[in-house]
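Here is the structure we will look at, set down as structure tokens.
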Amino acid sequence: MTIIQPIPIARPSVDDSVRALIARRRQGYSLEADFYLSPAIFDVDMEEIFGRHWIFVAVEPDIPEPGDYLAVEVGRQSVVLVRDDDGQVRAFHNVCRHRGARLCVQPQGAVGNLVCSYHQWTYTLNGKLAYAEHMGEGFDKSLYSLKPVRVESLSGLIFICLNPDAPDDFAVMRDQVEPYLRPHQIRDCKVASQIDIIEDCNWKLTMENNRECYHCAVNHPELTVSLFEFGFGYQPSPANAEQMQHFDRISAERCQEWEAAGLPSAELEALDGCVTGYRVRRLPLDLAGESQTLDGNAASKKLLGGLSRRDLGGLSLWTQPNAWFHLMSDHIVAFSALPLGPEKTLVRTRWLVHKDAVENVDYNVDNLTAVWRATNAQDRALVELSQQGVRSPAYQPGPYSPYTESLVDKFCNWYVGRLAARYLD
Amino acid sequence: MTIIQPIPIARPSVDDSVRALIARRRQGYSLEADFYLSPAIFDVDMEEIFGRHWIFVAVEPDIPEPGDYLAVEVGRQSVVLVRDDDGQVRAFHNVCRHRGARLCVQPQGAVGNLVCSYHQWTYTLNGKLAYAEHMGEGFDKSLYSLKPVRVESLSGLIFICLNPDAPDDFAVMRDQVEPYLRPHQIRDCKVASQIDIIEDCNWKLTMENNRECYHCAVNHPELTVSLFEFGFGYQPSPANAEQMQHFDRISAERCQEWEAAGLPSAELEALDGCVTGYRVRRLPLDLAGESQTLDGNAASKKLLGGLSRRDLGGLSLWTQPNAWFHLMSDHIVAFSALPLGPEKTLVRTRWLVHKDAVENVDYNVDNLTAVWRATNAQDRALVELSQQGVRSPAYQPGPYSPYTESLVDKFCNWYVGRLAARYLD
Amino acid sequence: MTIIQPIPIARPSVDDSVRALIARRRQGYSLEADFYLSPAIFDVDMEEIFGRHWIFVAVEPDIPEPGDYLAVEVGRQSVVLVRDDDGQVRAFHNVCRHRGARLCVQPQGAVGNLVCSYHQWTYTLNGKLAYAEHMGEGFDKSLYSLKPVRVESLSGLIFICLNPDAPDDFAVMRDQVEPYLRPHQIRDCKVASQIDIIEDCNWKLTMENNRECYHCAVNHPELTVSLFEFGFGYQPSPANAEQMQHFDRISAERCQEWEAAGLPSAELEALDGCVTGYRVRRLPLDLAGESQTLDGNAASKKLLGGLSRRDLGGLSLWTQPNAWFHLMSDHIVAFSALPLGPEKTLVRTRWLVHKDAVENVDYNVDNLTAVWRATNAQDRALVELSQQGVRSPAYQPGPYSPYTESLVDKFCNWYVGRLAARYLD
């Protein structure tokens, strides 16, 4: 069969001004406005960053049983994640091979086969076309399987790569990160709550906001009940010297204690100079030290996996380009940022508890979600102010704090580095 | 007077990628995604297809009396259809010749003259400027008539062509089709109901959906009460052989019977290779065989024109690029598709009954419109799924069924052929 | 510090078609459609007209006390007007110098310092960065003052220029116009009401509508209670000769009377051939002759400034490109038009009364605002019809009345002249 290549009328090629913008990036300073505004850069981001990297999109508990499916949108692409009869998670483009109708219409569901509602072309859970009426004698069904999408599970966290030629260092991240995640047994969780918010900003402002806690003290009263800001960088001063020493001491003590109990906790960072970037670290929490809740106590009585103690602080995992996770002894919060347009981003938050935890007995959804519902709303307001500000021609990149914003700088370095690797070489 | 030509800042010229797209069209397969998505193609469609062909926009019963007007929008154009004092239907650009204000503000109305609400420039029903205050002595009103639009009536179905140099084969369609339409006497009807829906899809997906019934069996329970799917193509199989033979036999019998009674019924097709494309055919209906209603019975007691029998099946007329019609003994359903944007289309449906039929005595609007209200809503859902699907870069044109989608292919062939005739020659 | 210049990915350079459009402008005729529709022209308007001219944006009574601020949006720019501790009005780009967040979030307020809500960077009222946490030892705060915007007050009417190299003929306008304004003592007023409406049209249609009263007689019943149309141009005819002579006579008489009383009243016009264009004139009003109210009587018992008589007619000031004002003995109405997009314009109307006037004792807001609330709504409908009309490719510039639309022509001449001065030289 001849493959008909679509022509890129709508997608501008990368011109010299984009290349110059990438080349001109100044480390230690926020990005130039066009990175947050330009439709040309948005196309570049979707093509290069979201089109060729591993993107976190779901958790295995979204589709626990064979036939369960989840449709996710990444830019103009729609992808169906489906659990096959053999228990494997598979991913396909959510596009019928007949006349292109969207195949799975609901965001989530359970099916025996994948049946297009337009003319009932019917695909098995592994993507083969099993049935198509009226197509005549010579019709070869084997040419019309659903188009596959690369998919990997990191201890139950589902990543896809839209390019068949996916970065091969996912395996490196898996080797390094799975020992941290494994004790929390994500596959044995259920999704207790999922909330989507749409932020009127470029996705990179969402991510930059996530990579620093400089803004936490004043803006996040609920979060900072349990979270120590010191864990995310701080300029030493006589006024805070005692507090910082206290935090460093208990961090070191706890880390040692957790590691001895078989829970990897030390900071591990692979952000700069790698394709599949990540950072992971377990940090103590304040008060009861159990969970990111309004009182620091565990939100679910049923602990995750085989865990027997509640005071395990928070294991945080940050992945490039679009996700972050907080894993505690009793629950997990998983966040993804998915661009909807140059100035619009979907932030999806999932709260996971043990699959056997019973709502209103072992946990209460309001209590479970209270801190991050409030924090997400506060962050949304902040990133939207940023977007409004960078729209002004008067905006000019400003300096990052060497103490509190080094991870923001690393995010930007990784991002610009990935574009440079593709467009400047 | 010097004519000032507007410069096409906003309208991209047709570049090589559009030409390549047209040239690359593969018969028997659905169109490439850019045909449904690209703003450049949308401009081409509005310029060439809707700007230079005969477009169905109204029925004479919309404006039965002198002074009655109807404003219709075709892309960025607004056109006033008005019945002149001599009974003729006239069409003008709905733009005041003074400072360009829209002249007729309401979609429909009755007037003595056409008066601009801004500065009261006043035009007669044949478009002459009759009055303009403050314009001084030397002002020559004869230079400021409303700009005319070409208009034709096909037995009461009103078509316009926005280009003064309109295709001259409208006369051919008139000669061929009017004998079919005449017995239904459209000019003696009234509009019993009109419903607009906006479909979030390219207009060609609306049209393609209309040109096949492959999707009917599963998706249109109300329509298939009276409509035989066999009338629109079917792959023969042992399972349906008996049904198809039955349908072919009664079709032939009825056709002969209707023709003998002076009602042209045989299929007539001029789709490929002509400018003003159409297809017409009278087909039997199921059950009572009278009308496309939920029980197959006529919806209006007062039959159309001079008709005396109710079981005349459905006379269907399809015109390129944008309309289709079902004429029965008791009522007519007339559909038009008008593009609002690359991914937005207005579908306007009119239900016509005899002008002397009395509402709630001879007919009931709910009953009259029930089948097509339901069917339109179902079709809207389907074409919107198609649009969502073709947005994905993973979409690739798929094969049409040689049995059930040959008229879709002919629509696409006509469409691409018209573009090729203009842009590839 | 190296200044990083943003690259203009989003802003198209001015190409030959724009230059040709400017060069082709035909005096005495309305503008070509692209001037009202084209995004390229909108960018030119924001760059040249709103980016390099004096724009009316506020009145001093908006920010009477030190620390009072007002945020105004001009295109993609946000500007904070703030009254400094020394009583001076200052203007800054509303963009934090750290990561660009919008600084003042509310449209209006009162503060001690300007504090960014993101990371609490803190600026004094004269724009100096006073405090920024975590920035380390070598951080030089003096490099991160807020970026200033040029600001001038015309007897209390606040104009800004976004370009540091502002037109220097503001001083000429001040010398000429302040004697007219001074007796009304704008700085001693308060804003009794402010109403924003968004018109779905290009800003120039808003302005053109404001520069003629040809449309008043039929469209503005409330306004023409007090306003004589004759004051804005009229074609002489036997039918209106007597009325016009009457108006001319009382105009001359009143003008002489007012001038003698120290109130400059004669027409002063500097529209064509100047950068900062304006026109000012005091005209008699009908009935009681006191105010633009539904009965012609003053709307506020407390007269402005040191004025002692109520029958001072209406002093009208029109400024290019975006404002107009009516000053009466008892109240002032101030209008600004600010483009929001090629086809969207914000019209902000402020009603000012003496700062000591007491609501519901000296004046009533409903009565004060009745005429212009009605008139604005009527004008909005008219300019939106114009916008709808010029969208049609059938629109062609039409002739202005030499009697009633000469000021519209002058507005267009000034506008096109300003573009020509920049882009054709």
Side-chain angles (χ1 to χ4, degrees), chain A residues 1-13 43 46-47 51 71 73-80 91-106 115-122 129 132-141 143-144 146-149 162-164, chain B residues 12 15-21 24-26 29-41 205 208-209 212-219 229 233-237 342 378-379 381-405 408:
Chain A
M1 194 190 62
T2 312
I3 298 294
I4 300 172
Q5 293 295 337
I7 57 161
I9 288 183
R11 187 189 307 147
S13 62
D43 288 344
M46 296 316 293
E47 173 79 14
E73 315 289 311
V74 181
R76 293 190 298 139
Q77 313 255 13
S78 177
V79 174
V80 190
F92 304 105
H93 286 286
N94 190 10
V95 179
C96 182
R97 293 297 307 275
H98 178 212
R99 278 162 58 189
R102 176 160 292 187
L103 198 60
C104 292
V105 178
Q106 301 302 323
V115 183
C116 181
S117 52
Y118 207 161
H119 306 93
Q120 290 69 57
W121 283 33
T122 300
L129 178 59
E133 212 183 355
H134 293 302
M135 295 308 294
E137 294 301 315
F139 180 68
D140 181 356
K141 292 201 297 280
L143 296 176
Y144 297 99
L146 293 179
K147 293 191 177 178
V149 171
L162 289 163
N163 196 290
Chain B
D15 61 22
D16 291 344
S17 64
V18 170
R19 258 186 280 272
L21 182 69
R24 210 165 52 223
R25 151 75 175 155
R26 187 182 180 196
Y29 284 75
S30 62
L31 299 175
E32 288 186 45
D34 281 322
F35 278 115
Y36 305 116
L37 300 173
S38 151
I41 288 290
L205 290 177
E208 291 174 38
N209 176 74
E212 50 97 352
C213 218
Y214 185 175
H215 69 276
C216 291
V218 168
N219 289 290
E229 297 167 76
Y234 226 75
Q235 178 174 0
S237 78
Q378 292 148 1
D379 281 331
L382 294 173
V383 295
E384 292 184 348
L385 288 181
S386 286
Q387 187 71 29
Q388 287 166 27
V390 300
R391 274 186 207 131
S392 170
Y395 163 69
Q396 177 182 327
Y400 289 134
S401 160
Y403 298 97
T404 56
E405 292 173 307
V408 184

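Throughout, protein chains are lettered first and strands after them, A, B, ... in sequence-line order, and every chain is numbered starting at 1.
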When rounded to the nearest 0.5 angstrom, what is the spacing between [atom1] in [X] and [atom2] in [Y]?
X: A/Gln120; Y: B/His215; atom1: CD; atom2: NE2; result: 10.0 Å
X: A/His98; Y: B/Glu405; atom1: NE2; atom2: CD; result: 3.5 Å
X: B/Thr404; Y: A/His119; atom1: OG1; atom2: NE2; result: 7.0 Å

Check: Of the backbone (N, CA, C, O) and the side chain (C-beta and beyond), which part of A/Gln77 lies under 4.5 Å from a heavy atom of chain B, both, or neither?
Finding: both
Check: Do you know which of B/Pro236, B/Ser237, B/Pro402, B/Gly389 has the most heavy-atom pairs with chain A at a distance under 4.5 angstrom?
Finding: B/Gly389
Notebook entry, point to check: For chain A, which of B/Glu208, B/Glu384, B/Gln387 has the most heavy-atom pairs under 4.5 Å?
Noted result: B/Glu208
Is it the side chain or the backbone of [X] that comes within 4.5 Å of chain A heavy atoms, both, or neither?
X: B/Ser30; value: side chain
X: B/Tyr234; value: both
X: B/Leu37; value: side chain

Item checked: Partners meeting salt bridge (charged side-chain N to carboxylate O under 4.0 Å, His left out) with A/Glu73 (sequence neighbours left out) -> A/Arg102
Note to self: So A/Arg99 and B/Tyr400, do their side chains get closer than 4.5 Å, heavy atoms only?
What the structure shows: yes
Check: Is the closest side-chain heavy-atom distance between A/Met135 and B/Ser401 below 4.5 Å?
Finding: yes
Margin query: Counting only heavy atoms from other residues, nucleotides and ligands, does the tally under 6.0 Å from NZ of A/Lys147 exceed 12?
Written below: yes
Checklist line | Partner chain B: residue of A/Val95, A/Asn94, A/Val149, A/Leu103 with the largest heavy-atom pair count (under 4.5 Å) | finding: A/Val95
Next item on the list: Answer with yes or no whether the side chains of B/Glu212 and A/His134 bring together a donor and an acceptor at under 3.5 Å.
Entry: no
Margin query: Restricting to disulfide bond (SG atoms under 2.5 Å apart), what partner residues turn up for B/Cys213, sequence neighbours left out?
Written below: B/Cys216
Notebook entry, point to check: When A/Tyr118 is tested against each of B/Val218, B/Val383, B/Leu385 for side chain to side chain contact (heavy atoms under 4.5 Å, CB included), which residue passes?
Noted result: B/Val383
Item checked: Shortest non-hydrogen contact from B/Tyr214 toward A/Ala132 -> OH-C, 4.4 Å
